[in-house]
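Computed over heavy atoms, backbone and side chain alike; hydrogens, waters and symmetry mates excluded.
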Amino acid sequence: GYTLSNQLPTPELSSAVSYRSLPMSENEPFGQTASGLLAAYQRTLYCVLLERSEVVLRVARYDPKADRQLCHVFSLKERWNILTPYNPLSQRTPESENRRRLSRLIAHLDERGQRWTPTVNRDPSDAWPAEAGVFLCDPPADLAETLGRHYRQHAILSGQPGAPPVLVWLSAIQPGR
């Protein structure tokens with residue numbers, strides 16, 4: 001299996017957003033608008049960390065080479081997801097707390113026997129800190145959404161072989177609706 005070492009890396013499109021809202025908070029994060037949050041998620045570089053390289057994914061951008069590589073390395077059959085427990089509801093959280101949350105998430109995945117590998121989500125403008133997370137390999141259909149809500153995330157990234165990644169919006173804050 002894939003494990004995460006103690007050394008964590010530091011670190012575009014409304015039609016590609018699936019809305020699966022479950023109320024988590026009626027309050028918008030301080031200083032952020034729903035449309036601003038959506039734009040931030042769409043700009044993010046979702047980096048799947050491999051042994052000697054990384055695969056970079058973007059919302060609604062199909063990359064055949066990345067798709068083939070992920071399918072080959074992880075023997076993907078149906079789906080994958082990327083999620084992070086960092087910075088719940090887009091509120092900056094101390095690194096020590098973020099790492100504790102990540103450790104709990106990994107322990108939960110390992111207890112379930114869920115295949116995963118580390119990720120880091122990067123803001124290309126460096127306006128937001130990099131966030132460590134996980135790439136789930138062929139998880140049960142609702143696992144990533146359930147975990148995203150549990151860790152109070154606005155959204156997760158979801159994909160399947162042969163298709164562009166889709167942002168699955170989980171938050172009560174609904175951009176563009």
Side-chain angles (χ1 to χ4, degrees), residues 1-20 38-87 98-99 101-126 128-151 153-170:
Y2 294 89
T3 58
L4 186 63
S5 71
N6 291 335
Q7 290 287 343
L8 292 176
T10 54
E12 296 186 8
L13 310 164
S14 62
S15 65
V17 179
S18 172
Y19 294 94
R20 299 186 187 150
L38 178 59
Y41 276 93
Q42 290 172 330
R43 273 192 316 271
T44 297
L45 303 176
Y46 298 89
C47 305
V48 181
L49 306 180
L50 305 178
E51 268 188 51
R52 295 189 176 104
S53 63
E54 66 183 29
V55 174
V56 179
L57 302 169
R58 306 269 318 256
V59 173
R61 294 192 184 174
Y62 180 66
D63 180 339
K65 182 179 176 189
D67 186 55
R68 282 190 305 275
Q69 188 173 13
L70 292 173
C71 286
H72 174 74
V73 170
F74 299 111
S75 301
L76 293 174
K77 304 286 185 260
E78 294 182 39
R79 73 182 63 85
W80 56 262
N81 300 101
I82 293 178
L83 68 113
T84 179
Y86 272 45
N87 302 314
N98 281 331
R99 285 179 183 264
R101 293 168 63 83
L102 181 62
S103 292
R104 285 193 299 268
L105 171 60
I106 290 168
H108 177 79
L109 295 171
D110 287 345
E111 286 168 12
R112 289 182 63 105
Q114 173 60 56
R115 291 185 308 135
W116 64 274
T117 198
T119 62
V120 62
N121 305 331
R122 295 185 181 109
D123 173 4
S125 71
D126 288 327
W128 186 257
E131 296 180 334
V134 294
F135 175 89
L136 303 179
C137 306
D138 287 316
D142 63 345
L143 178 63
E145 290 180 29
T146 299
L147 290 171
R149 288 182 182 108
H150 176 79
Y151 286 99
Q153 297 300 307
H154 288 297
I156 61 171
L157 194 65
S158 182
Q160 57 189 25
V166 174
L167 191 64
V168 178
W169 199 259
L170 305 174

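- In this structure, Glu78 has no salt bridge (Lys or Arg N to Asp or Glu O under 4.0 Å) partners at least two apart in sequence or on a different chain.
- The side chain to side chain contact (heavy atoms under 4.5 Å, CB included) test applied to Ala144 returns Asn81, Leu83, Leu136, Ile156, not counting sequence neighbours.
- Annotation for Pro124 and Thr44: closest pair CD-CA, 4.3 Å, computed over non-hydrogen atoms.
- Applying the side chain to side chain donor-acceptor pair (under 3.5 Å) rule to Gln160 yields no partners; only residues at least two apart in sequence or on another chain are considered.
- A search for side chain to side chain contact (heavy atoms under 4.5 Å, CB included) contacts involving Ala40 returns Arg43, not counting sequence neighbours.
- In this structure, Arg79 does not pair ionically with Asp138, as no charged nitrogen and carboxylate oxygen lie closer than 4.0 Å.
- The pair Arg101-Glu131 does not count as a salt bridge, with every side-chain nitrogen at least 4.0 angstrom from each carboxylate oxygen.
- Between Tyr151 and Tyr86, the distance from one ring center to the other does not fall under 6.0 angstrom.
- With rounding to the nearest 0.5 Å, the separation of CD in Glu54 from CZ in Phe135 is 13.5 Å.
- Qualifying side chain to side chain donor-acceptor pair (under 3.5 Å) partners for Asn98, counting only residues two or more places apart in sequence or in other chains: Asn87.
- Taking the centre of each ring, Trp80 and Phe74 stay at or above the 6.0 Å mark.
- Listed by chain and residue number, nothing satisfies the side chain to side chain donor-acceptor pair (under 3.5 Å) test with Ser75 (two or more places apart in sequence, or in another chain).
- One side chain, Asp110 or Trp116, offers a donor N or O that lies under 3.5 Å from an acceptor on the other.
- Between the Thr119 side chain and the Cys47 main chain, no donor and acceptor come within less than 3.5 Å of each other.
- Every residue was checked against the ring pair (Phe, Tyr, Trp, His ring centres under 6.0 Å) condition with Tyr46, not counting sequence neighbours, and none meets it.
- Here CG of Leu167 is found 6.5 Å from CD of Gln42. Values are rounded to the nearest 0.5 Å.
- For Asp123, the side chain to side chain donor-acceptor pair (under 3.5 Å) test picks out Ser125, with sequence neighbours left out.
- Partners of Arg68 according to the side chain to side chain contact (heavy atoms under 4.5 Å, CB included) rule, which considers only residues two or more places apart in sequence or in another chain, are Pro64, Lys65.
- Listed by chain and residue number, Tyr62 satisfy the side chain to side chain contact (heavy atoms under 4.5 Å, CB included) test with Pro164 (two or more places apart in sequence, or in another chain).
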